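To keep things clear, I will list the structure first and then write my remarks on it.
Ligands are counted one by one from 1 in listed order, and the atoms in each one are counted from 1 as well. Bear in mind that the values here come from a model prediction, so they are computed numbers and not experimental data.
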Amino acid sequence: MKGLAKALVVYYSKFGNTEKIAKAVAAGLQSGGMDADTAKVDTVNFDELSEIDLLCVGTPVHAWNVSKPAKEFLERLKGLEGLSGKKAFAFDTRFKSRMAGSAGGKVEKKLKEMGFVVAKPASSAIVLGQQGPLEEGAEETFRQIGEELASMM
Ligand SMILES: Cc1cc2nc3c(=O)[nH]c(=O)nc-3n(C[C@H](O)[C@H](O)[C@H](O)COP(=O)(O)O)c2cc1C
């Protein structure tokens, strides 16, 4: 019998806010019935990526763009084979300002170029200051996104 569908939520977080969102997504994926784990960009076991069905990638917006550690992770990912057809979801954390810029859409584009199938359009969680906190309800919103993603698998 085939085991549970597997998901990995990879994230970079300087101050812990993106980490909280990553954990919320993973909790939602689990309550939706998936085998879900989280990993920081610098602790990802690239050998195990071939076993996953869904990859979620989260990053804070830094200088209107994807954070450098998340960019580096994506560069390494690009070199791997066997990712085509797997599902993906990207998210970012950023200010609410119109001038905040974004990163999730850029991550999503790169994942698409690698052959991933976007399961759900990228979303942002809002932080109230550079070090947080997250806007009220952000973790619950992303837990629900996790459940929704699990229901699509
Ligand atoms: C160097 C740096 C640059 C940043 N640039 C932006 C930016 O361009 N737009 C934005 O909305 N937030 C920006 N921020 C705020 C981050 O989005 C915020 O620190 C982040 O969401 C917090 O997530 P973390 O706790 O996971 O690091 C910046 C933060 C840092 C440290």
Legend entry - Atoms in ligand 1 flagged as close to Val127, the criterion being non-hydrogen separation under 4.0 Å: 21 (O)
Legend entry - Polar proximity ligand 1 side, Ala63 side, N/O cut 3.5 Å exclusive: yes
Legend entry - Numbering as shown, the atoms of ligand 1 that approach Arg94 to under 4.0 Å (heavy-atom distance): 11 (O), 17 (O), 21 (O)
Inset, instruction - Kindly indicate, with the supporting measurements, whether the criterion side chain to side chain contact (heavy atoms under 4.5 Å, CB included) is fulfilled by Leu4 and Met34. - result: CA-CA 6 Å; Leu4 293 178; Met34 287 188 84; 6.0 Å; no
Legend entry - Sole residue of Thr59, Asp42, Val44 in side-chain contact (heavy atoms from CB on, under 4.5 Å) with Phe73: Val44
Inset, instruction - Return yes or no for this condition: an N or O of Gly101 is under 3.5 Å from an N or O of ligand 1. - result: no
Legend entry - Nearest heavy-atom neighbours spanning Arg94 and Val61: CB-CG2, 3.4 Å
Legend entry - Close approach, Gly132 and ligand 1, non-hydrogen under 4.0 angstrom: no
Inset, instruction - Measure from the side-chain N and O atoms of Lys20 to the backbone N and O of Gly16, and report whether any donor-acceptor pair falls under 3.5 Å. - result: no
Legend entry - Closest to atom 18 (C) of ligand 1 (judged by heavy-atom distance), picking from Gln130, Gln131, Lys68, Lys96: Gln130
Legend entry - Minimum heavy-atom distance Gly104-Asp92, with the two atoms named: N-OD2, 2.8 Å
Inset, instruction - Run down the list Glu19, Lys14, His62 and name the one with the heavy atom closest to atom 30 (C) of ligand 1. - result: His62
Legend entry - For Ser13, the ligand 1 atoms whose distance to one of its heavy atoms is below 4.0 Å: 24 (P), 25 (O), 26 (O), 27 (O)
Legend entry - Thr93, Leu134, Leu128: member with heavy atom nearest to atom 23 (O) of ligand 1: Thr93
Inset, instruction - Mind listing the closest non-hydrogen atom pair of Asn17 and Ser13 along with its distance? - result: N-OG, 3.4 Å
Inset, instruction - Evaluate the criterion side chain to side chain contact (heavy atoms under 4.5 Å, CB included) for residue pair Lys78 and Lys110; output intermediate values, then yes/no. - result: CA-CA 9 Å; Lys78 218 159 76 175; Lys110 289 192 181 181; over 6 Å; no
Inset, instruction - Apply the test side chain to side chain contact (heavy atoms under 4.5 Å, CB included) to residues Val57 and Tyr11: give CA-CA distance (whole Å), side-chain angles for both, the deciding distance (0.1 Å), then the verdict. - result: CA-CA 6 Å; Val57 180; Tyr11 65 93; over 6 Å; no
Inset, instruction - Identify the protein heavy atom lying closest to atom 13 (C) of ligand 1, giving its residue, its atom name and the separation to 0.1 Å. - result: Val61 O, 3.1 Å
Inset, instruction - Among Leu149, Leu111, Val107, find the residue that satisfies the side-chain contact (heavy atoms from CB on, under 4.5 Å) test when tested with Cys56. - result: Leu149
Inset, instruction - Go through the steps for Val9 and Leu54 under the test side chain to side chain contact (heavy atoms under 4.5 Å, CB included), then give the verdict. - result: CA-CA 8 Å; Val9 185; Leu54 168 69; over 6 Å; no
Inset, instruction - Give the residue and atom name of whichever protein heavy atom lies nearest to atom 11 (O) of ligand 1, and the separation in Å to one decimal. - result: Phe95 N, 2.8 Å
Legend entry - Where ligand 1 meets Gly16 - atom numbers and elements under 4.0 angstrom, heavy-atom basis: 24 (P), 25 (O), 26 (O)
Inset, instruction - Report yes if some N/O of Tyr12 lies less than 3.5 Å from some N/O of ligand 1; otherwise report no. - result: no
Legend entry - Heavy-atom proximity to atom 10 (C) of ligand 1, best of Ala100, Ala22, Ser124, Ala103: Ala100
Legend entry - Trp64, any N or O under 3.5 Å of ligand 1 N or O: yes
Inset, instruction - Using a strict cut-off of 4.0 Å, indicate which atoms of ligand 1 neighbour a heavy atom of Pro60. - result: 20 (C), 21 (O), 23 (O), 27 (O)
Inset, instruction - Return a yes/no value for Gly129: is any of its N or O atoms, backbone included, closer than 3.5 angstrom to an N or O of ligand 1? - result: no
Legend entry - Joint cluster assignment, Val41 & Leu8, ILVMFWY side-chain distance < 4.5 Å: yes
